[in-house]
Amino acid sequence: MPELPEVETVRIGLSKWVTGRTIATAEVLHPRAIRRHLPGDAHFAAVLAGRTVLDVSRRGKYLWLPLDSGDAIIGHLGMSGQLLMQPAEAEDEKHLRVRFTFTDGGPQLRFVDQRTFGGLSVSEGGAGLPDEISHIARDPMDPLFDDTAFTARIRGRHTEVKRALLDQTLISGVGNIYADEALWRAGLHGTRPTDQLTRPAVARLLGHVRDVLSEAIVAGGTSFDELYVDVNGESGYFDRSLNAYGRENEPCHRCGAIIRREQFMNRSSFSCPRCQPKPRS
DNA sequence: GAGTTTACCTGTACGC
DNA sequence: TGCGTACAGGTAAACT
């Protein structure tokens, strides 16, 4: 599942392959893939034809490609989205949703998405930071991320710490996998109330979040199946480094207790019952 | 207004 | 073999 490390891996690959190239055509093969582009697929194709990609940027799990028109292509991978570079003669992928060709006749950019939770749209005048994603907080790897402000905000919330980590308006880029990993490292159960965390506890947690994310970026992300791959179709290998996520009934790497799985926010959470005791209710 | 729940999706695994 | 069901989970709308 694409979280910050996966999206960053895609961003790096994309920027290498599409920066400076001019779009010839943008072909929408499935309307749901551009459902957030309200003017529709004909408009999507028309505003992109002839535009040159200036850069590939990221805010949290969102990507955006500033164009020479001042607009930008916004992309989100959702659960199963992929942005792949493919030679023109390569066979269409089963879940190919959008295809970009370039005036140089080189490799195509293809948006492939099995579950169609992801999507693309064009943001008018969005070459800076598109309005559509301005509500997304900076991610903790961003040099402008404000630790003091984050600490104050999370301690001011009346919610559980895992909910807070998944709240993209508070801190971006963290999803279910890396939230569980950071909480395991911090020795915190996900239901711990945020207003009871001390400042040093928040600082430690933030440090673990950064460690997990940066280690995962180096590994090229986490791939459980073929649903996450980089622009060249290669898997990441951070799944070998997971301590909590997906390890139900396996021994904790730190204390040997059996990792438990619990339902939380309609998804699975994994934690060590000894290292991460539940708070008293 | 803040916090929480639900809908959106489809392929895969599994039990009967 | 085929059918039904549970599950994966990021985001935003809907709800409390």
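To find a chain, count down the sequence lines: A is the first, B the second, and so on, and within it residues start at 1.
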**OP:** Would you kindly give the CE-to-C1' distance between A/Met79 and C/dA8, to the nearest whole Å?
**Re:** 5 Å
Original post:
Using 30° and 60° as the class limits, which term best fits the ring planes of A/His76 and A/Tyr62: parallel, tilted or perpendicular?
Top reply: perpendicular
Subject >> Whole-Å gap separating C1' (B/dC9) and CD1 (A/Ile34) >> reply: 17 Å
**OP:** By nearest nucleotide on DNA chain B, pick out whichever of A/Lys94 and A/Arg157 is the more 5' one.
**Re:** A/Arg157
Subject >> Any donor-acceptor N/O pair, A/Asp142 side chain to A/Leu144 backbone, under 3.5 Å >> reply: yes
Subject >> Ring geometry between A/Phe44 and A/Phe100 (parallel below 30°, tilted from 30 to 60°, perpendicular above 60°) >> reply: tilted
Subject >> Separation between CZ of A/Arg155 and CG of A/Leu197, rounded to the nearest 0.5 Å >> reply: 8.0 Å
**OP:** Give a yes/no on whether any side-chain N or O of A/Gln168 is located under 4.0 angstrom from OP1 or OP2 of C/dG10.
**Re:** no
Original post:
Under the 3.5 Å rule, do the base of C/dG10 and the side chain of A/Arg267 count as making a donor-acceptor pair?
Top reply: yes
Subject >> A/Leu165 CG - B/dG3 P separation (whole Å) >> reply: 15 Å
Original post:
Can you check whether A/Asp139 reaches A/Val174 side chain to side chain, under 4.5 Å on heavy atoms?
Top reply: no
Original post:
C/dA12 C1' sits how many Å from A/Lys61 NZ, rounded?
Top reply: 13 Å
**OP:** Give a yes/no on whether any side-chain N or O of A/His135 is located under 4.0 angstrom from OP1 or OP2 of C/dT11.
**Re:** no
Original post:
Is there a side-chain polar atom (N or O) of A/Arg32 under 4.0 Å from OP1 or OP2 of B/dC9?
Top reply: yes
Original post:
Taking only N and O in the side chain of A/His76, is any of them less than 4.0 Å away from OP1 or OP2 of C/dT11?
Top reply: yes
Subject >> Selection from B/dT4, C/dA8, C/dG10 that lies nearest to any side-chain heavy atom of A/Arg261 >> reply: C/dA8
Original post:
Can you find a pair of side-chain heavy atoms, one from A/Phe102 and one from A/Thr25, that are under 4.5 Å apart?
Top reply: no
Original post:
Looking across every strand, which nucleic acid part, if any, lies under 4.0 Å from A/Arg35 by heavy atom: base, sugar-phosphate, or nothing?
Top reply: nothing
Subject >> Between P of C/dG10 and CD of A/Gln82, the distance in whole Å >> reply: 16 Å
**OP:** Assign A/Tyr62 to base, sugar-phosphate, or nothing according to its heavy-atom contacts below 4.0 angstrom with the strands shown.
**Re:** sugar-phosphate
Original post:
Is A/His30 touching bases, backbone alone, or none of the nucleic acid, heavy atoms closer than 4.0 Å?
Top reply: nothing
Original post:
Can you find a side chain N or O atom of A/Ser80 that sits less than 4.0 Å from OP1 or OP2 on B/dG11?
Top reply: no
**OP:** Calculate the interatomic distance between A/Gln114 atom CD and C/dG10 atom P; express it in whole Å.
**Re:** 15 Å
Subject >> Closest nucleotide among B/dT10, B/dT4, C/dA8 to the A/His95 side chain >> reply: B/dT10
**OP:** Measure the distance from CG on A/Asp113 to P on B/dG11 and round it to the nearest whole Å.
**Re:** 11 Å
**OP:** Give the nucleotide from the list C/dA8, B/dT4, C/dG10 with an atom nearest to the side chain of A/Arg115.
**Re:** C/dA8
**OP:** For C/dT11, take OP1 and OP2 only and decide whether either is under 4.0 Å from a side-chain N or O of A/Arg36.
**Re:** no
Original post:
A/Leu170 has an atom CG; how far is it from atom C1' of C/dG10, in whole Å?
Top reply: 16 Å
